[in-house]
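This structure is a prediction, so every number in the text was calculated from the model and none was measured.
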2 protein chains.
Amino acid sequence: MVLQFLKALAHESRLRLLGLLATREHSVQELAAGVALKEPTVSHHLAMLREAGLVTLRQDGNTHWYGLNQKALSRLSRTVFARDQLAAFAGAEINEDDRVVRNYLTPEGRLKAFPATLKKRRPILAWLAKQFEEGRNYPESEVNELIERRHHDRETFRRELIGHRMLARKNGVYWRLPESEWVM
Amino acid sequence: MVLQFLKALAHESRLRLLGLLATREHSVQELAAGVALKEPTVSHHLAMLREAGLVTLRQDGNTHWYGLNQKALSRLSRTVFARDQLAAFAGAEINEDDRVVRNYLTPEGRLKAFPATLKKRRPILAWLAKQFEEGRNYPESEVNELIERRHHDRETFRRELIGHRMLARKNGVYWRLPESEWVM
DNA sequence: CAACTGTTTCGATGTTTATCTAATTAGACT
DNA sequence: AGTCTAATTAGATAAACATCGAAACAGTTG
């Protein structure tokens with residue numbers, strides 16, 4: 001979150017865009033002229049700024065009016081930079097999924113249980129699937145071995161990995177599917 | 001300046017490093033272990049953070065103790081994010097060379113004069129040289145034409161462009177040299 | 001519906017930057 | 001001097017990102 005905000009700010013073109021927006025609303029064309037970049041490029045930057053909540057969009061006809069979201073800006077600037085806030089980054093700035101996985105791991109790195117809720121099951125299966133290399137074939141024995149390193153219930157996890165389209169099987173051979181295929 | 005500060009902050013590894021430093025001083029080794037990166041990588045990040053004035057360095061024996069520069073952090077966080085401060089970025093955050101060139105241009109984009117000092121001449125010649133495409137040959141007439149679009153004194157500028165190894169000539173044909181060759 | 005305008009998406013290209021290993025520097029300790 | 005340790009620099013590789021032209025899209029206007 002904070003990282004996204006900072007990354008959005010940390011580029012000259014985007015700072016200049018924000019500079020223009022700080023005075024008044026602008027259309028994409030105006031902005032492109034103002035910073036001497038092509039519309040597609042500006043559009044791309046605006047998308048990032050919007051993702052980060054730094055600008056607002058108001059649409060009128062086929063003109064898009066972008067404005068500065070002053071509130072988000074000052075709110076974040078206040079919160080981000082306190083010392084103890086910063087200290088939280090040491091381990092933090094890890095996303096929600098990682099947090100879920102971490103909570104399911106014993107100190108030795110084994111899974112405590114099979115997660116009941118789908119919300120937790122997905123990130124954990126994803127984590128498990130990542131133990132497999134893409135573009136390589138695994139015999140079932142090796143799949144079992146890899147799973148058992150994390151949890152004794154190899155049957156359930158193997159079945160679920162396939163159900164989520166993270167692993168695929170054919171003729172007793174398994175392989176990892178590309179992340180884009182995964183049912184999340 | 002501000003851009004450097006933001007760029008320094010806008011990376012997960014560096015945020016995590018700052019997170020560790022927010023609690024107490026650390027050596028490079030400690031930091032490397034703390035963020036699970038190799039020492040050289042950490043060293044590289046620390047250099048950027050130091051450039052941006054975000055961390056302090058205290059050397060004891062051959063151990064380097066890095067600490068958080070809380071003052072710089074809060075000072076910048078306060079100044080950076082005010083609306084009118086931001087507005088200044090619209091034109092600013094342009095480097096010194098661009099500023100020089102801009103001051104030498106009339107509103108129509110022509111050069112006001114031939115710059116007397118070398119310090120100003122270089123960026124202006126560089127700017128002029130960039131009007132030529134690399135990897136293409138220009139007859140002298142076209143060179144003159146391109147220069148005259150910016151300044152009437154084609155002879156002087158042509159000579160200087162060659163002197164700075166931005167253009168080269170052979171048998172009355174000119175071409176632009178790669179930027180790495182330029183005498184700056 | 002056809003032509004037009006402003007914007008966004010796509011695909012390709014080039015640049016920047018993160019990271020690593022290996023080599024080098026600098027201080028401390030025999 | 002030689003060795004040990006901590007850190008940095010160099011060089012190579014890989015990932016992330018900025019930018020552009022072309023194409024697609026959405027709203028407007030005849």
Rounded distance (Å) that lies between atom C1' of D/dA18 and atom NE2 of A/H11: 6 Å

Interatomic distance where CZ belongs to A/R58 and C1' belongs to D/dG27 [whole Å]: 16 Å

Spacing between B/W65 atom CH2 and C/dG27 atom P, to the nearest angstrom: 18 Å

Rounded distance (Å) that lies between atom P of C/dT9 and atom CD of A/E51: 11 Å

Distance below 4.0 Å between B/H45 side-chain N/O and C/dT19 OP1 or OP2: yes

Pairwise distance CG(A/L20) to OH(A/Y66) - rounded to 0.5 angstrom: 14.5 Å

Side-chain heavy-atom pair B/L161, B/I147 within 4.5 angstrom cut-off: yes

Linked, directly or transitively: B/W65 and B/M48 (ILVMFWY side chains, under 4.5 Å): no

Interatomic distance where CG belongs to B/L6 and P belongs to C/dT17 [whole Å]: 14 Å

Atom-to-atom span, CG of B/L49 to C1' of C/dA18 - whole angstrom: 13 Å

Atom of A/G67, atom of A/E25 and distance for their closest heavy-atom approach: CA-CG, 4.2 Å

Closest nucleotide among C/dT19, D/dT8, C/dT7 to the B/Y66 side chain: D/dT8

A/H44 vs A/Q59, nearer the 5' end of DNA chain D by closest nucleotide: A/H44

Proximal nucleotide (of D/dA18, D/dC20, D/dA7) relative to the A/R14 side chain: D/dA18

Distance in angstrom units between A/K7 NZ and C/dT16 C1', rounded: 13 Å

Touch class at under 4.0 angstrom, heavy-atom based, for A/T41 against every strand present: base

Nearest to side-chain heavy atoms of B/V28, which nucleotide of C/dC20, D/dT8, C/dT8: D/dT8

First encountered from the 5' end of DNA chain C, between A/N62 and A/P40: A/N62

Side-chain N,O (A/T63) to OP1/OP2 (D/dG27) below 4.0 Å: no

Length of the NZ-C1' vector between A/K38 and C/dT7, whole Å: 15 Å

Taking every non-hydrogen atom, the tightest pair across A/L9 and A/L15: O-CG, 3.5 Å

